[in-house]
Amino acid sequence: MKLGISDSAHVKNNTHGSVVGDLLQCLGNEFGLIDITAIRGAEAIRAADKAGTTIDVIVHSQGTMTANRALDLVDNSDVRTKVRYQGFG
């Protein structure tokens with residue numbers, strides 16, 4: 001997707017069936033478990049790094065924890081230093 005002059009990637013964290021599913025995901029994230037959304041987020045960050053620019057990660061609510069787990073999966077500190085992280089809610 002093109003927005004302005006930069007490429008962007010979208011990683012969606014769907015509702016997991018009910019409040020119970022989302023609550024279980026939150027608890028798992030609190031205990032450091034990695035879910036598929038975090039894996040996809042890490043893949044998106046690595047792909048953005050190949051473009052050679054600053055990487056903006058903008059997340060909301062439950063996505064803040066999922067994005068933190070994704071950053072944990074990016075084991076290259078040079079890539080992590082390019083990330084500008086903004087979490088809301």
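Computed from a prediction, not measured in an experiment: that's the story for all the values here. Numbers here simply count residues along the sequence, with the first being 1.
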Identify the two heavy atoms, one from [X] and one from [Y], that lie closest to each other, and give their separation to 0.1 Å.
X	Y	answer
Gly41	Ala70	C-CB, 3.9 Å
Arg69	Leu33	CD-O, 3.4 Å
Val57	Ala67	CG1-CB, 4.2 Å
Thr66	Ala38	CG2-N, 3.6 Å

Original post:
Say you draw a straight line from CE of Met65 to OG1 of Thr37; how long is it, rounded to the nearest 0.5 Å?
Top reply: 14.0 Å
Original post:
In Å, rounded to the nearest 0.5 Å, how long is the span from CZ of Arg80 to CD1 of Ile55?
Top reply: 11.5 Å
**OP:** Check the hydrophobic clustering (I, L, V, M, F, W, Y; side-chain heavy atoms under 4.5 Å; chains of links allowed) and say if Val79 and Leu71 are grouped together.
**Re:** yes
Original post:
Do the side chain of Arg84 and the main chain of Thr54 share a donor and acceptor less than 3.5 angstrom apart?
Top reply: no
**OP:** Please answer whether the main-chain N or O of Val59 pairs with a side-chain N or O of Tyr85 as donor and acceptor at a distance below 3.5 Å.
**Re:** no
Original post:
Under a 4.5 Å cut-off applied to non-hydrogen side-chain atoms, are Arg46 and Asn76 in contact?
Top reply: no
Original post:
Are any of the side-chain nitrogens in Lys82 or Asp49 under 4.0 Å away from the carboxylate oxygens of its partner?
Top reply: yes
